[in-house]
Engineer: 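Before I ask anything, here is the structure I am working with.
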Amino acid sequence: MSAPARTRIPQRTPEAARPRRARRAIADASWTFLLPFVLVYGAFLGWPLLSGLWISFTDLALNGAGGDFVGTDNYAEALGDPLVWQTVGNTAFFTLITTVPLIVIALAMAVLVHAGLPGQWLWRLAFFMPFLLPVTTVALVWDYLYNDDFGLFNQVLGVFGGDGLGWLTDENVAMWSVAAATVWWTVGFNFLLYLAALQSVPDHLYEAAALDGAGAWARLRYVTLPQLRTVTVVVILLQVLASLKVFDQIYLLTMGGPGDSTRSLLLYIYDLGFTGYRIGYSSAVSYLFLAIVLVIAAVQVWIAMRRKA
Amino acid sequence: MTVQITSRAARRREAARDRARQRALILGGGRTATVAACAALVLLTVLWLAPMVWGLLTSLRTEQDAVSLPVALLPENGFTLEQYRSLFAAGNIQLWMVNSLLVAVLVTLFTLVVSAPAAFAMSRLPFRGRALLAALTVGAIMVPPQLLIVPLFQQMVALNLVDTYAAVILPQLVMPVIVFILKRFFDTVPRELDDAARMDGASNWRLFTSVILPLSRPILAAAAIFVFITAWNNYLWPFIITTDPALMTLPVGIPNILNAHGTFYAAQLASSMVAAAPMIIVFLFFQRHIIRSVATTGLGGR
């Protein structure tokens with residue numbers, strides 16, 4: 001946007017210039033600007049945060065039974081619950097195997113598109129379009145691709161004489177399959193962030209590299225990648241937080257199975273509350289999860305700040 | 001008409017020149033680098049388009065062809081629109097599309113109505129607790145909304161709002177990242193403009209609506225597009241709070257009806273394609289705007 005021209009009016013503090021007239025009191029009051037915000041955030045963020053915290057210290061059930069204060073029993077139970085530890089492990093594993101390709105592939109896509117080859121429109125459409133799909137479409141399309149019998153992957157493996165894999169039915173494979181579908185679905189977002197960052201790399205750096213006789217590879221290695229360091233820190237932060245929150249695609253593709261091999265922490269929280277009806281316990285696990293998320297975010301922000309300093 | 005065509009051609013030529021310059025800068029003149037980059041791009045594009053293309057092709061088959069072994073590239077019974085015909089004949093999908101549109105539009109509108117004045121206050125108005133409120137807003141970005149589903153559901157039960165549009169929409173208005181981005185933008189608008197407006201006797205609201213908002217159109221548009229996409233594709237909350245098919249949005253409705261019918265792959269994929277189509281069509285027309293919006297909002301307004 002274009003910056004407006006500066007006015008020639010001499011600087012004065014607004015307070016001094018403002019005539020004190022009663023009919024303007026309402027129009028000037030700060031609270032009128034904040035009222036909708038405070039109401040909405042109070043009712044749908046602040047209140048559920050506080051009531052959830054209270055519920056986590058009770059034995060409340062979804063059907064309204066219970067509700068007695070049980071102290072820290074739920075938290076103690078959660079720390080001793082093997083499924084909590086397994087789903088934490090699953091979530092960490094999913095975060096690891098999605099974050100790495102979601103950064104590397106997005107970076108590769110952005111660098112390639114930024115090189116200015118013809119067909120810009122098509123590349124952008126292909127890489128970004130999946131991000132705009134509803135998760136239901138993603139899940140149904142990949143569910144069919146992964147089908148043991150009629151799925152494209154096992155059909156192709158069959159052509160090459162392979163046996164075919166239980167993409168969503170084998171405990172050792174299912175999480176990788178969910179991760180692959182996730183990478184396909186969401187890589188476009190990181191791709192755009194990298195593309196935007198690349199557009200702000202100044203041309204003169206490439207011109208200087210060209211003068212030094214740097215080829216395409218050297219320009220990538222010594223100009224492009226160092227310029228992307230700052231945005232990479234941001235992308236990693238966003239990506240780790242997004243991957244930790246995985247729910248939708250796992251719920252639709254495997255429901256956490258086979259066994260509990262793809263059950264993420266959020267899926268377990270959902271199961272405890274809405275299938276198991278134990279919302280007191282479910283809330284306690286939620287707050288442990290929130291604590292993990294906040295600690296990870298704080299560590300990442302701290303690392304980012306230290307790099308800057 | 002002719003003028004427009006020439007200017008468009010000229011623009012296209014200019015874009016081609018820019019691309020050639022870009023190519024020379026980044027890849028150098030080398031043929032090997034250009035060919036390698038081309039090959040990598042084409043490979044990635046084929047990989048990224050293949051799942052949707054396969055889904056689309058399957059949705060155009062008969063149910064027998066979708067599950068016949070081995071799956072043939074060209075179906076035995078030919079391609080057919082049968083799946084789409086029966087989908088639209090059933091009628092639910094049109095309803096869900098209208099619901100999705102209604103919810104996404106209202107969420108977008110109300111999110112801006114809630115966020116923009118608050119962002120303005122945090123950027124401009126001297127009230128007690130301003131710094132604290134701004135810090136809380138940043139902190140709220142870190143709270144995964146999925147964590148609130150249980151207490152929010154309880155709240156909706158208590159308010160007797162389960163299976164209402166209000167329950168679907170209201171919690172989605174909490175988007176602290178939008179408040180943060182708008183505040184950050186308002187902070188960059190020069191204070192001299194405030195002083196000038198105030199000299200003319202403008203109230204805070206007048207300053208907000210006549211000076212700040214008109215200058216903020218691009219960032220407001222970016223925020224609106226981002227909120228719309230998020231709301232249109234939102235799954236978990238609408239899924240939890242709606243049990244009545246008449247109130248479901250597209251992503252929630254589609255797997256629902258199919259569970260009732262058993263597993264029909266071609267029909268499933270046809271409904272998936274219909275659910276995907278509106279956003280893809282919008283993207284084809286507004287590619288630049290959407291890309292800019294998502295990049296700006298994704299990076300927190302940087």
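None of these values were measured; they are calculated from a predicted model. Letters A, B, ... are given to chains in the order of the sequence lines, protein chains preceding strands, and every chain is numbered from 1. No hydrogens, no waters, no symmetry mates; every other heavy atom, side chains included, goes into these values.
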Engineer: Taking ring-ring contact (aromatic ring centres under 6.0 Å, His included) as the test, write out the residues that go with B/Phe127, two or more places apart.
Structural biologist: none

Engineer: Among the options B/Arg124, B/Arg292, B/Met175, B/Met273, pick out the one with the most heavy-atom pairs lying under 4.5 Å from chain A.
Structural biologist: B/Met175

Engineer: In chain order, what residues pass the side-chain hydrogen bond (donor to acceptor under 3.5 Å, both in side chains) check against A/Thr224, with sequence neighbours excluded?
Structural biologist: A/Tyr206

Engineer: Under a 4.5 Å cutoff for heavy-atom pairs, which residue among A/Leu241, A/Leu62, A/Asp203 has the most contacts with chain B?
Structural biologist: A/Asp203

Engineer: For B/Leu147, is it the side chain, the backbone, both or neither that has a heavy atom under 4.5 Å from a heavy atom of chain A?
Structural biologist: both

Engineer: Mind ranking A/Leu205, A/Val187, A/Leu294, A/Asp248 by heavy-atom pairs under 4.5 Å with chain B and telling me who comes out on top?
Structural biologist: A/Asp248

Engineer: Decide side chain to side chain contact (heavy atoms under 4.5 Å, CB included) for B/Val179 and A/Tyr41; before the verdict, give the C-alpha distance in whole Å, the side-chain angles of both, and the deciding distance to 0.1 Å.
Structural biologist: CA-CA 11 Å; B/Val179 180; A/Tyr41 279 64; 3.6 Å; yes

Engineer: Please flag which part of A/Val138 lies under 4.5 Å from any non-hydrogen atom of chain B: side chain, backbone, both or neither.
Structural biologist: neither

Engineer: Identify which of A/Asn190, A/Leu252, A/Val135, A/Asn147 forms the greatest number of heavy-atom pairs closer than 4.5 Å to chain B.
Structural biologist: A/Leu252

Engineer: Taking atom types as modelled and ignoring hydrogens, do the side chains of A/Thr32 and B/Trp205 form a donor-acceptor contact shorter than 3.5 angstrom?
Structural biologist: yes

Engineer: Side chain, backbone, both or neither: which part of B/Ile291 has a heavy atom under 4.5 Å from chain A?
Structural biologist: both

Engineer: Work out which heavy atom in B/Gln154 is nearest to a heavy atom in A/Leu60; give both atom names and the distance.
Structural biologist: NE2-CD2, 3.4 Å

Engineer: Counting only heavy atoms closer than 4.5 Å, note whether B/Leu133 contacts chain A via side chain, backbone, both or neither.
Structural biologist: side chain

Engineer: Measuring only between side-chain heavy atoms, which start at C-beta, is B/Leu49 closer than 4.5 Å to A/Met129?
Structural biologist: yes

Engineer: Side chain, backbone, both or neither: which part of A/Leu132 has an atom under 4.5 Å from a heavy atom of chain B?
Structural biologist: both

Engineer: With a 4.5 Å limit on heavy-atom distance, are the side chains of A/Phe37 and B/Val113 in contact?
Structural biologist: no

Engineer: Which atoms of B/Pro278 come close to chain A, meaning under 4.5 Å heavy atom to heavy atom: side chain ones, backbone ones, both, or neither?
Structural biologist: neither

Engineer: At a heavy-atom separation under 4.5 Å, does A/Ile55 approach chain B through its side chain, its backbone, both, or neither?
Structural biologist: side chain

Engineer: Please classify the contact between A/Val293 and chain B as side chain, backbone, both or neither, with a heavy-atom cut-off of under 4.5 Å.
Structural biologist: side chain

Engineer: Taking the side chain as every heavy atom from C-beta outward, state whether A/Phe128 and B/Val294 have any pair of such atoms under 4.5 Å apart.
Structural biologist: yes

Engineer: Side chain from CB out, backbone as N, CA, C, O: work out which of these in A/Gln155 comes under 4.5 Å of a heavy atom of chain B, or both, or neither.
Structural biologist: side chain

Engineer: According to ring-ring contact (aromatic ring centres under 6.0 Å, His included), who are the partners of A/Phe191, at least two apart in sequence or on a separate chain?
Structural biologist: A/Phe127

Engineer: Given heavy-atom pairs under 4.5 angstrom as the criterion, report whether the side chain, backbone, both or neither of A/Trp54 touches chain B.
Structural biologist: neither

Engineer: Who among B/Gly55, B/Ala33, B/Ala276 has the most heavy-atom pairs with chain A under 4.5 Å?
Structural biologist: B/Ala276

Engineer: Before you tell me yes or no, could you show the steps for A/Tyr251 and B/Leu236 under side chain to side chain contact (heavy atoms under 4.5 Å, CB included), namely the whole-Å CA-CA distance, both residues' side-chain angles and the distance that decides it to 0.1 Å?
Structural biologist: CA-CA 10 Å; A/Tyr251 182 79; B/Leu236 181 57; over 6 Å; no

Engineer: Is B/Phe208 close to chain A through its backbone or its side chain, or both, or neither, when contacts mean heavy atoms under 4.5 Å?
Structural biologist: side chain

Engineer: Tabulate, in ascending numerical order, the residues of residues 43-51 of chain A having at least one heavy atom closer than 4.5 Å to a heavy atom of chain B, or enter 'none'.
Structural biologist: A/Ala43, A/Phe44, A/Leu45, A/Trp47, A/Pro48, A/Leu49, A/Ser51

Engineer: Under the criterion side-chain contact (heavy atoms from CB on, under 4.5 Å), which of A/Val141, A/Leu133, A/Leu152 is the partner of B/Pro51?
Structural biologist: A/Val141

Engineer: Taking C-beta and beyond as the side chain, do A/Phe289 and B/Gln146 meet within less than 4.5 Å on heavy atoms?
Structural biologist: no

Engineer: Give me the atom names and distance for the closest heavy-atom approach of A/Thr137 to B/Ser272.
Structural biologist: OG1-O, 2.9 Å

Engineer: Which atoms of B/Thr58 come close to chain A, meaning under 4.5 Å heavy atom to heavy atom: side chain ones, backbone ones, both, or neither?
Structural biologist: side chain

Engineer: Checking side chain to side chain contact (heavy atoms under 4.5 Å, CB included) for the pair B/Arg288/A/Trp121: CA distance, chi angles, key distance, verdict?
Structural biologist: CA-CA 10 Å; B/Arg288 264 168 209 292; A/Trp121 184 85; over 6 Å; no

Engineer: With a 6.0 Å cut-off on the ring centroids, do A/Phe247 and B/Tyr235 count as close?
Structural biologist: no

Engineer: Non-hydrogen atoms of chain B under 4.5 Å away: do they reach the side chain of A/Ser286, the backbone, both or neither?
Structural biologist: both

Engineer: Pick whichever of B/Gln287, B/Arg217, B/Met142, B/Met279 has the most heavy-atom pairs under 4.5 Å with chain A.
Structural biologist: B/Gln287

Engineer: Between B/Thr137, B/Leu125, B/Ile149, which shows the greatest number of heavy-atom pairs under 4.5 Å with chain A?
Structural biologist: B/Leu125

Engineer: Measure distances from A/Leu266 to the heavy atoms of chain B and classify the residue's part below 4.5 Å as side chain, backbone, both or neither.
Structural biologist: side chain

Engineer: Could you check which of B/Leu207, B/Asn234, B/Leu250, B/Ile240 has the highest count of heavy-atom pairs closer than 4.5 Å to chain A?
Structural biologist: B/Ile240

Engineer: Examine whether an atom of A/Tyr287 lies under 4.5 Å from a heavy atom of chain B, and if so say whether it belongs to the side chain, the backbone or both; otherwise answer neither.
Structural biologist: neither

Engineer: Show the nearest heavy-atom pair for residues A/Val183 and B/Trp48, with the distance to one decimal.
Structural biologist: O-CZ2, 4.0 Å

Engineer: Minimum heavy-atom separation for A/Leu117 to B/Ala37, with atom names?
Structural biologist: CD1-CB, 3.8 Å

Engineer: Look at B/Val150, B/Val114, B/Leu41 and state which one has the largest set of heavy-atom pairs under 4.5 Å with chain A.
Structural biologist: B/Leu41

